[in-house]
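Below you'll find the structure, written out as structure tokens, and then a few comments.
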Amino acid sequence: MAAPTLKLGSLLMLVLVIDASSAAVTVGVVDVPADAPADPMAALPRLTVRAQRTVIDARAHAELLSTFARESVDEAGATMRDLGAVVAGIGPGPYTGLRVGIVTAAAFADALGIAVYGVCSLDGIGLAARDRPAVLVASDARRKEVYWARYVDGRRDGDPQVHRPADLAALLGAGEVQADAMTGAGARMYADALGLPMLDVDYPGVAALAAAAVPSLVSGAPTEILAPMYLRQPDAEVPSGPAKSTLGL
Amino acid sequence: MTLVLGIETSCDETGVGLVEDGVLLGDALSSSMLEHVRFGGVVPEIAARAHVQAIVPAVHEALAKAGATLADVGAIAVTAGPGLATALHVGVAAAKAYATALSVPLYAVHHLAGHAAADTLVHGPLPAKSVVLIVSGGHTSLLLVGDLVADPIVHLSDTVDDAAGEAFDKVARVLGLPYPGGPAIDAAAASGNASAVAFPRPLTGRNDPPLGFSFSGLKTAVARHVETLARAGAPVPVADIAASFQEAVADTLIRKAIAACRLHEVGTLVIVGGVAANSRVRALAQERCAAGGLELRVPPPRLCTDNGAMIAAIGDLLVRAKAAPATLTVPVRPSVQLRWADLEHPPQEL
Ligand SMILES: Nc1ncnc2c1ncn2[C@@H]1O[C@H](COP(=O)(O)OP(=O)(O)OP(=O)(O)O)[C@@H](O)[C@H]1O
């Protein structure tokens, strides 16, 4: 099948979207019309996904991302030079995948001389799961924890946090976090503990991630220095000075 | 001619270098070393986080020094192993993205071959055969090297336990000197007496493997010596112990390296890696190579420790040898042995 021909006028911007914050490695090319509203919720229906590659394999990030980007741009019938911006999921996410996604996005944007914008990866789920008023979005943080945020009509309410499922369930039980439903791979993993009705958006989607960045995309905001949301300090112990017994090496 | 951008992130240094036709045009180095000091060693997660923030700025600093832009870059080379997996991933991801976005070939190279290639940036191409002593925080090895990219690299020996740099770092801790220990011991030793304590020369006995290395026993001997002094309430002469320890390491390293040259009838010794920055290692090597009629090549200290220029240097050699580039799916190889400089497409063995 011939690649669809793409007319690049002033009417749209092609955006490369990358998210590797979870077990799903997602890369895609999204059209953002120049007259797209600057509001993510309003913009989402106006975006067109030209190409998307997703694989669910937490160990595959480093190997796949650039290949997926190349393939997505080809499938969109475009060239690298046609890209107008890069959008990256900046987590929260557990470490290596998150970093690989962010560094890939930053290097692509740098090499192409275009802007890169970071968006909360949970927004890529929350924006797509707006068929209930208040939705808890949770991703797998490993170590038996979840990263989560609450979305009200698709808008994130507060900064993402990391908790053990039982502790999050306690917050829900006490009414400190109110939600009618939940979604995300972390929610599915701990569905029993969390106990809310489950929606079916497990991983961030490229259209929703691009929508989360529309305020920057449509205003042509300056490029960003991407700051990964780790939400945890590195594990490291400060050793206790020169050892009492010098043989304790 | 092709301008090669090299990226190194195997440990705590984010290195970027630009090399064309054997000439280093610009480089940049950003280190997270200070963030590791209080932990007494490199914390992989801290190193990896630092690489993420450092890499794009380092690329631009190197380009600015070279008076070049990304549009001038004709190939990308990156350390794909060995090293800390979490740190390697950052550099490899960046390299793949630059190669893809710029539509230029990617080369995935061996970190240690990079150390050896660093010397070519200052002393020109290696001779037909040389012995390379790689001595760093992670490695202590003797290699028999022909053409760095066309021939297989023969491992003559590896340390059976600690690397020499690791011994420097651990002994520094015992002496209450700061991390990293190598430079601290080097400085402390300057005012010490190298024959104050007769520390052992490991694996130099009659029945020991002539090219074998082991530094764990030497490190323990220093620790025991310090402990004996401390138990007796005697002061610890840090400078003398540092100098004596450094002498034992330098003596052992150079003896073995020269033995390797003799054994394999090679006239050139190349010393690379962080410990090649050590003043006593350099001086003793010079002295003994001159006495033995061997050519000695040691790069300047800043090219001895991890850097991006050395990775660009290997990439440049691969480009000029018309090596096949790596695919974009090339994995990181945290514990790969050095057999070929090019990790993904070793040339066919004859
Ligand atoms: N002047 C010196 N004297 C002795 N050792 C030194 C000196 N300068 C640096 N070192 C040692 O060199 C080591 C650092 O070496 P280098 O930067 O080559 O790499 P590495 O990451 O430790 O190991 P590798 O390159 O094998 O992965 C440290 O152990 C440090 O203490």
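Basis for what follows: all heavy atoms, side chains included, without hydrogens, waters or symmetry-related copies. Since this is a predicted model, take the numbers as computed values, not measurements.
- Considering only heavy-atom pairs separated by less than 4.5 Å from chain B, the leading option among A:Pro228, A:Ala69, A:Ala227, A:Ala111 is A:Ala111.
- A distance of 5.0 Å separates CD of A:Glu63 from NZ of B:Lys96, quoted to the nearest 0.5 Å.
- There is no contact between B:His36 and chain A, counting heavy-atom distances below 4.5 Å.
- Here the straight-line distance linking atom CG of A:Leu65 with atom OG1 of B:Thr329 works out to 12.0 Å at 0.5 Å rounding.
- Enclosure of atom CZ in A:Arg156 by more than 12 non-hydrogen atoms of other residues, nucleotides or ligands within 6.0 angstrom is indicated.
- For A:Leu226, the part lying near chain B is the backbone, with the side chain staying farther off; criterion is any non-hydrogen pair under 4.5 Å.
- Residue B:Val90 touches chain A through both its backbone and its side chain, counting heavy-atom pairs closer than 4.5 Å.
- Residues of residues 99-107 of chain B having a heavy atom under 4.5 Å from any heavy atom of chain A, listed by number: B:Thr100, B:Ala101, B:Leu102, B:Ser103.
- Of the residues considered (B:Gly41, B:Ala71, B:Pro44, B:Ala48), B:Ala48 shows the highest number of contacts with chain A, using heavy-atom pairs under 4.5 Å.
- Residues B:Ala94 and A:Val103 come closest through the heavy atom pair N-CG1, 3.4 Å.
- Side chain of A:Ser66 to main chain of B:Ala97: a donor-acceptor pair is present (N/O by atom type, distance under 3.5 Å, no hydrogens or angles).
- Within residues 49-57 of chain B, the residues that have a heavy atom under 4.5 Å from a heavy atom of chain A are B:Arg49, B:Val52, B:Gln53, B:Ile55, B:Val56, listed by number.
- Here the closest heavy-atom approach between residue A:Arg99 and residue B:Thr86 is recorded as NH2-OG1, 2.9 Å.
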